[in-house]
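All remarks here apply to the structure that follows.
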Amino acid sequence: MADAAISSPIELEFPDGSVRPVEAGTTGRAVAESISKSLAKKSVAYSLNGELNDLAEPIYSSGKIELVTRTDDQALELIRHDCAHVLAEAVQEIWPETKVTIGPVIENGFYYDFDRNEPFTPEDLERIEKKMREIIQRNQPFEKKVVSREEARALFEKLGEGYKVELLDAIPEGEDVKLYSQGDWIDLCRGPHMVSTSQIGNAFKLMSVAGAYWRGDSDNQMLSRIYGTAWADEKQLKNYLHMLEEAQKRDHRKLGREMDLFHFQEEGPGVVFWHAKGWKVFQALVSYMRRRIEEHGYDEVNAPQILDKALWEQSGHWGWYRENMFTTVTEDERQFAIKPMNCPGHVQIFKNGLRSYRELPVKMAEFGNVHRYEPSGALHGLMRVRGFTQDDAHVFCTPEQLEAECLRINDLILTTYSDFGFGDIVVKLSTRPEKRVGSEAGWDRAEMIMQKVLDKIEADSDGRIKTEMNPGEGAFYGPKFEYVLRDAIGRDWQCGTTQVDFALPERFGAFYIDQNSNKQEPVMVHRAICGSMERFIGILIEHFAGHFPLWLAPVQAVVATITSEADEYGQQVADRLKAAGLRVETDFRNEKINYKVREHSLAKTPAIIAIGAREAEQETVSIRRLGSKHQSAMTLDEAVASLVEEAVAPDVRRKRDAS
RNA sequence: GCUGUUGUAGCUCAGGGGUAGAGCACCUCAUUGGUAAUGAGGAGGUCGGGAGUUCAAAUCUCCCCAACAGCACCA
């Protein structure tokens with residue numbers, strides 16, 4: 001943006017492919033006006049080579065330009081950012097003593113952090129929202145001003161906005177200091193913004209208040225954060241609010257109680273009481289995973305819950321994970337820890353006896369029950385607990401085998417997710433963090449292999465799997481893949497992980513004997529698919545909204561009689577279904593069929609089999625499926641056959657169909 | 001762990017300085033019915049725990065515990 005460039009012409013390529021020469025320094029608005037008055041009026045910003053800019057911003061270099069109107073997807077970010085500014089102005093208009101800090105755009109909306117002695121109340125939110133609509137009505141233009149650091153500092157010091165001064169100091173040298181104002185209200189801001197406040201529209205809503213640390217650091221002061229959501233139009237806003245409502249209906253904590261799956265109680269914060277029905281689901285999931293890991297050549301093992309402190313010192317956990325570990329001291333004053341992870345145990349099994357290169361890869365799996373003393377505020381239903389079961393496995397292999405093993409694991413993970421109906425998967429590769437162990441050469445090699453695997457994952461997926469990089473987010477002991485799945489209502493959950501470990505085999509002195517009779521250190525790969533079985537079930541409950549597919553449902557069918565005269569035949573039906581391997585209950589209570597249907601529907605039983613005098617006489621059944629208002633009549637034989645077929649687990653079906 | 005809110009019957013919730021209430025669920029009786037609540041009656045709570053103020057505490061104060069919403073954490 002040097003002045004010398006101003007006179008030279010530049011070329012702008014438009015989305016339709018046309019290219020126009022313009023003078024350098026032309027603003028986005030002028031470009032829009034040169035096309036049409038109405039476009040200029042409609043435009044709220046422009047993007048140059050994918051980067052959003054203020055409409056008033058001059059253009060100094062050639063590139064791909066796109067004029068962004070309010071209804072474009074790209075504008076949503078601007079609407080939200082502008083909304084955050086208006087929120088801050090509204091709060092300061094009502095409570096001038098409030099200090100402003102930052103207000104970024106987030107998924108689905110925005111927030112703004114304030115420093116204020118008194119917390120905001122729900123009533124305050126209504127008041128603020130009203131004020132915001134007022135400010136938007138004023139239709140104040142957003143104006144940018146680039147100023148010197150000194151000027152900005154003087155301004156914010158005068159305003160008493162100490163946090164802004166701090167932010168100002170954090171702006172890297174050589175970067176412009178920009179101020180944005182709407183009317184009299186000024187904020188330090190990177191921009192860009194739309195043209196004026198009225199373009200924000202009306203489709204926003206303040207959602208909640210919460211505490212948040214200044215600059216995200218728990219050593220810092222706690223600020224008051226106001227969350228809001230904002231959309232291009234009312235319909236989008238309504239959809240979003242509806243999604244939230246839907247999520248609330250699916251809340252696994254609520255469904256867990258209603259479906260009698262599990263409970264928590266005060267004496268056991270973060271540990272699950274699995275009820276009979278919940279445990280059925282748990283076991284169905286474990287059985288499925290057992291079949292899958294067998295298919296993939298794993299051996300299931302089981303390592304101890306409690307081990308001497310010395311072992312945890314050797315693994316390193318005692319040093320860096322102790323505050324998360326449950327420990328215990330016995331009468332004779334020996335100190336033990338309850339395992340927070342399974343890896344040290346598996347290394348002991350690997351080390352027991354001498355391993356030959358011929359045995360590799362050794363693949364050890366465990367449904368490992370681990371305990372971690374998670375911070376109290378982190379606990380959340382089944383999603384974050386203190387005692388849980390990992391579908392954990394460790395692969396000990398040679399460096400040459402690493403790539404193939406990662407791909408094999410990838411295959412296992414992806415087919416598993418697809419068996420549960422998760423199709424939308426993102427695989428992320430996290431690379432070396434700042435604090436790490438192992439040689440640079442080791443990291444180079446591992447990251448190279450994993451990058452290659454990542455590329456292959458994407459290439460082999462027909463575009464179904466997205467891949468991403470997470471630079472610097474790897475474990476300190478090695479790079480890792482993270483598998484993120486998207487559920488039925490669009491929420492993302494990180495479940496699976498594949499992690500290469502440079503540290504642990506060495507710490508424990510694990511080795512195998514190679515072709516030349518030399519000791520070699522194996523590469524260790526940690527991997528989990530569900531992550532935590534508890535959490536995965538929580539995700540499944542919300543994904544299916546409690547409507548489990550038949551193979552997972554705790555009770556697959558209820559036989560409900562209409563009159564007590566049908567009880568005998570009802571029992572025969574139930575016995576037949578049970579003999580065929582189905583999970584069946586009977587309901588012979590002295591209640592009307594309406595009552596029974598209602599109750600078992602609310603309990604989300606997949607099939608209600610109603611038996612009356614007619615069925616008893618004709619040896620038929622009347623089946624009503626969950627979610628349907630209708631029922632179908634069929635012979636008992638047909639019913640057994642169709643339910644049995646439907647209850648076949650997807651992996652079993654896949655194998656059967658392949659043979 | 002931090003900020004804020006909440007904790008009354010199995011569940012959802014009302015009440016609020018004078019020693020507890022509703023609906024559903026539960027139990028009993030009657031009713032034997034055709035696909036989302038049959039009727040009547042009954043039983044059920046030391047109001048999360050502890051301490052204090054008071055003639056009197058479920059109610060006010062303090063401490064603790066747990067849950068909820070965020071934040072921080074999540075090897």
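Convention: sequence-line order gives letters A, B, ...; per-chain numbering from 1. Predicted model only: the values in this text are computed from it and were never measured.
Regarding A:Glu534, its CD atom lies at a distance of 16 Å from the C1' atom of B:C74, rounded to whole Å. Atom OH in A:Tyr111 sits roughly 19 Å away from atom P in B:G4 (whole-Å rounding). Taking atom CZ of A:Arg589 as the reference point, atom P of B:U38 lies 11 Å away to the nearest angstrom. For A:Phe110 and B:G70, the CZ to P distance is 16 Å, given to the nearest whole Å. We find that CD of A:Glu258 is positioned 9 Å from P of B:U12, with the value rounded to whole Å. In this structure, the CG atom of A:Asp113 is 10 Å from the P atom of B:A72, given to the nearest Å. If you take CG of A:Asp587 and P of B:U32, they are 18 Å apart, rounded to a whole angstrom. Note: CD (A:Gln499) to C1' (B:C74) measures 12 Å, nearest angstrom.
Within 4.0 Å of A:Arg253, counting heavy atoms only, lie sugar-phosphate atoms of the nucleic acid but no base atom. Nucleic acid contact class of A:Ala613 (heavy atoms, under 4.0 Å, all strands): base. Contacts of A:Ala475 with the nucleic acid, taken as non-hydrogen atoms under 4.0 Å apart, are absent. Within 4.0 Å of A:Arg372, counting heavy atoms only, lie sugar-phosphate atoms of the nucleic acid but no base atom. Counting any heavy atom pair closer than 4.0 Å across all strands shown, A:Gln390 reaches no nucleic acid atom. A:His600 comes within 4.0 angstrom of nothing in the nucleic acid, heavy atoms only. At a threshold of 4.0 angstrom between heavy atoms, the contacts of A:Leu223 with the nucleic acid are absent. In this structure, A:Pro375 reaches the bases: a heavy-atom distance under 4.0 Å links it to at least one base atom across the strands shown. Nucleic acid contact class of A:Arg624 (heavy atoms, under 4.0 Å, all strands): base. When heavy atoms are screened at a 4.0 angstrom cut-off, A:Tyr227 is found touching the sugar-phosphate backbone but no base atom. If you check every strand for non-hydrogen atoms under 4.0 Å, A:Glu591 touches a base. If you check every strand for non-hydrogen atoms under 4.0 Å, A:Ser622 touches a base. Among the protein residues, A:Arg614 comes within range of the nucleic acid bases, having at least one heavy atom under 4.0 Å from a base atom. Counting any heavy atom pair closer than 4.0 Å across all strands shown, A:Ser218 reaches sugar-phosphate atoms only and no base atom.
Nucleotide B:C47 has no partner under the Watson-Crick or G-U criteria, as no pair reaches both atom distances under 3.5 Å. Remark: B:U38 base-pairs with B:A30. Criterion, Watson-Crick or G-U wobble with two distances under 3.5 Å. Applying the Watson-Crick and G-U wobble criteria (two distances, each under 3.5 Å), B:A22 pairs with B:U12. In this entry B:U54 has no Watson-Crick or G-U wobble partner, no candidate having both defining distances under 3.5 Å. Remark: B:G7 base-pairs with B:C65. Criterion, Watson-Crick or G-U wobble with two distances under 3.5 Å. Pairing partner, B:C71: B:G1, with both Watson-Crick or wobble hydrogen-bond distances short of 3.5 Å.
The cationic atom of A:Arg127 (NZ for Lys, CZ for Arg) lies less than 6.0 Å from the six-membered ring centre of A:Trp95 and within 45° of the ring axis.
Two residues are said to be in side-chain contact when any heavy atoms from C-beta on lie closer than 4.5 Å; A:Tyr111 and A:Ile106 meet this criterion. With a 4.5 Å cut-off on side-chain heavy atoms, A:Arg527 and A:Glu405 do not count as touching. Between A:Leu261 and A:Leu255, the closest side-chain pair of non-hydrogen atoms is not below 4.5 Å.
Looking at A:Gln335, its side chain never comes within 3.5 Å of a backbone N or O of A:Thr328 through a donor-acceptor pair.
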Worksheet item: After noting the C-alpha distance and the side-chain angles of A:Glu619 and A:Thr635, does the key distance pass the side-chain hydrogen bond (donor to acceptor under 3.5 Å, both in side chains) rule?
Response: CA-CA 6 Å; A:Glu619 301 227 332; A:Thr635 68; over 6 Å; no
Worksheet item: Does the pair A:Thr121 and A:Asp124 meet the rule for a side-chain hydrogen bond (donor to acceptor under 3.5 Å, both in side chains), with working shown?
Response: CA-CA 5 Å; A:Thr121 66; A:Asp124 289 341; 3.3 Å; yes
Discussion item. Working note: A:Tyr163 + A:Asp113, criterion side-chain hydrogen bond (donor to acceptor under 3.5 Å, both in side chains); need CA distance, chi angles, decisive distance, verdict.
Written reply: CA-CA 11 Å; A:Tyr163 294 97; A:Asp113 285 347; over 6 Å; no
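Between A:Tyr595 and B:A25, a side-chain N or O to OP1/OP2 separation shorter than 4.0 Å is present. Residue A:Arg257 places none of its side-chain N or O atoms closer than 4.0 Å to OP1 or OP2 of B:G10.
Nearest-nucleotide assignment on RNA chain B puts the 5′-proximal partner with A:Ser376, out of A:Gly268 and A:Ser376. For A:Tyr477 and A:His380, each mapped to the nucleotide of RNA chain B holding its nearest heavy atom, the one lying further toward the 5' end belongs to A:His380.
Annotation: B:G50 and B:A66 have their C1' atoms spaced 15 Å apart (nearest Å). To the nearest whole angstrom, the two C1' atoms, one in B:G45 and one in B:G21, are 11 Å apart.
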